[in-house]
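The structure appears right after this line, and notes come after that.
Hydrogens, waters and symmetry mates are skipped; everything else that's a heavy atom, side chains included, is used.
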Amino acid sequence: MRRLLLVRHAPTAATRASAFPVNEPLDERGAAAAALLGAALAPNCEVFTSPALRCRQTTEAAGLPAPAVEPALAECDFGAWAGRRLADVDEAQALAWMTDPEARPHGGESLAAFAARVSGWLDGQAQLDGRAVAVTHGGVIKAAVVHALGAPLAAFWRIDAAPLAITELHAHDRRWTVTRVNCAAPAPRHAGSTRHERSPAAEAAPS
């Protein structure tokens, strides 16, 4: 059996601004929140990370073992929209992107192509045994849940993946079961608030 924990990176300035991400680092608040994550994850497991700086820094701040950098875990390529808020994007283009999985009005990656990339990686993981943690992006986690459920791609927009929340998948005979979705990592007592901050444009844009 493969037990896979998918963890969204800690919040960044772009997350808080509801903007499509660039390759920004964690800020001080995000790094402090990520430091509380390690206690919620299984020790002695494989660790993967997106190539994005914010994911690698989340892994490091959480005290996880040195990760394998996995290009398939990168967020969707938002092309010309990177760094912009969804509210600042042409409304017709944004609607096309959210209703047509093949649309790529930003010049980057379509939702269909992005989901296929994530699905291919997940299919490979389903053939393995043992425990693994993948620190990645909201969009990757949402695409993984859609694939694990065999749901239509339109379900992507109905799944939440908050910063530092954990989604757990189990694979039996190369088929995935969704065990939990968007669960807050338990914070140590007296650690203070680790309130989740919303993804760009109130869940419209992955990050």
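Rounding to the nearest 0.5 Å places CG of L169 at 10.5 Å from CZ of R180. In this structure, the separation between CG on D173 and CE on M1 is 11.5 Å, given to the nearest 0.5 Å. Taken to the nearest 0.5 Å, the OG1 atom of T167 stands 9.5 Å off from the CG atom of L5. Distance check: T12 OG1 to Q57 CD gives 10.0 Å after rounding to the nearest 0.5 Å. One finds the CD1 atom of I141 at 10.0 Å from the CD1 atom of I166 (value rounded to the nearest 0.5 Å). Rounding to the nearest 0.5 angstrom, the gap separating the CZ atom in F78 from the NE2 atom in H106 is 6.5 Å.
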When you look at K142 and R158, which way does the side-chain contact (heavy atoms from CB on, under 4.5 Å) test go after all the steps?
CA-CA 9 Å; K142 292 161 67 168; R158 302 178 67 88; over 6 Å; no
Kindly determine whether L6 and V140 satisfy side-chain contact (heavy atoms from CB on, under 4.5 Å), including the steps that lead there.
CA-CA 9 Å; L6 298 167; V140 172; 5.6 Å; no
Given the rule in the side-chain contact (heavy atoms from CB on, under 4.5 Å) test, do T177 and H172 qualify, once you have shown the distances and angles that lead to the verdict?
CA-CA 8 Å; T177 298; H172 303 264; 4.2 Å; yes
Go through it in stages, so that I can follow the logic: the residues are L4 and L122, the test is side-chain contact (heavy atoms from CB on, under 4.5 Å), and I'd like the CA-CA distance, side-chain angles, deciding distance and then a yes or no.
CA-CA 10 Å; L4 177 63; L122 203 62; 3.6 Å; yes
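In this structure, the side chain of T49 does not engage the main chain of P67 through any donor-acceptor pair within 3.5 Å. The backbone N or O of S50 lies less than 3.5 Å from no partner atom in the side chain of R56, so there is not a single donor-acceptor pair. With hydrogens and angles disregarded, no donor-acceptor distance shorter than 3.5 Å links the side chain of W176 to the backbone of L149. The main-chain N or O of A126 is never found under 3.5 Å from a side-chain atom of R174 such that the two would form a donor-acceptor pair.
The shortest non-hydrogen separation linking A52 to N23 is CA-OD1, 3.5 Å. Taking all atoms of both residues into account, the shortest heavy-atom contact from A19 to G83 is CB-O, 4.1 Å. Scanning both residues, L37 and A62, for their nearest heavy atoms gives CB-CB, 4.0 Å. Between P11 and D27, the closest heavy-atom pair is O-OD1, 4.0 Å. The minimum heavy-atom distance linking N182 with A162 is given by the pair OD1-N, 2.7 Å. Considering every non-hydrogen atom in both G30 and A10, the closest pair reads O-CB, 3.2 Å.
Residues W81 and W157 share a hydrophobic cluster, clusters being chains of Ile/Leu/Val/Met/Phe/Trp/Tyr side chains in contact below 4.5 Å. L53 and L73 fall into different hydrophobic clusters, defined by Ile, Leu, Val, Met, Phe, Trp and Tyr side-chain heavy atoms under 4.5 Å apart, directly or through other members. Each of F48 and V69 belongs to its own hydrophobic cluster when Ile, Leu, Val, Met, Phe, Trp and Tyr are linked at side-chain heavy-atom distances under 4.5 angstrom. In the hydrophobic clustering of ILVMFWY residues, with side-chain heavy atoms under 4.5 Å counting as a link, V178 and V146 come out together.
Judged purely by distance below 3.5 Å, without hydrogens or angles, the side chains of T136 and H9 never pair a donor atom with an acceptor atom.
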Determine all donor-acceptor pairs shorter than 3.5 Å in which one atom belongs to a side chain in residues 111-121; sequence neighbours excluded.
unit_1: R117; atom_1: NE; unit_2: E109; atom_2: OE2; d: 3.2
unit_1: R117; atom_1: NH1; unit_2: A72; atom_2: O; d: 2.9
unit_1: R117; atom_1: NH1; unit_2: A74; atom_2: O; d: 2.7
unit_1: R117; atom_1: NH2; unit_2: A74; atom_2: O; d: 3.3
unit_1: R117; atom_1: NH2; unit_2: E75; atom_2: O; d: 3.3
unit_1: R117; atom_1: NH2; unit_2: E109; atom_2: OE1; d: 2.9
unit_1: R117; atom_1: NH2; unit_2: E109; atom_2: OE2; d: 3.4
unit_1: S119; atom_1: OG; unit_2: A115; atom_2: O; d: 2.8
unit_1: S119; atom_1: OG; unit_2: H147; atom_2: ND1; d: 3.2

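R3 and E168 are joined by a salt bridge, as a carboxylate oxygen and a charged side-chain nitrogen come within less than 4.0 angstrom of each other. We find that R104 and D77 are not joined by a salt bridge, their nearest charged nitrogen and carboxylate oxygen being 4.0 Å or further apart.
Between S110 and W97, every side-chain heavy-atom pair lies at or beyond the 4.5 Å cut-off. You'll find the side chain of E24 reaches within 4.5 Å of the side chain of R54, heavy atoms only. Annotation: side chain of P101 is not in contact with side chain of F156 (no heavy-atom distance under 4.5 Å).
Between E46 and the choices Q125, R131, R2, the side chain to side chain contact (heavy atoms under 4.5 Å, CB included) rule is met once, by R2.
For CD of Q93, the number of neighbouring non-hydrogen atoms (other residues, nucleotides, ligands) closer than 6.0 Å is greater than 12.
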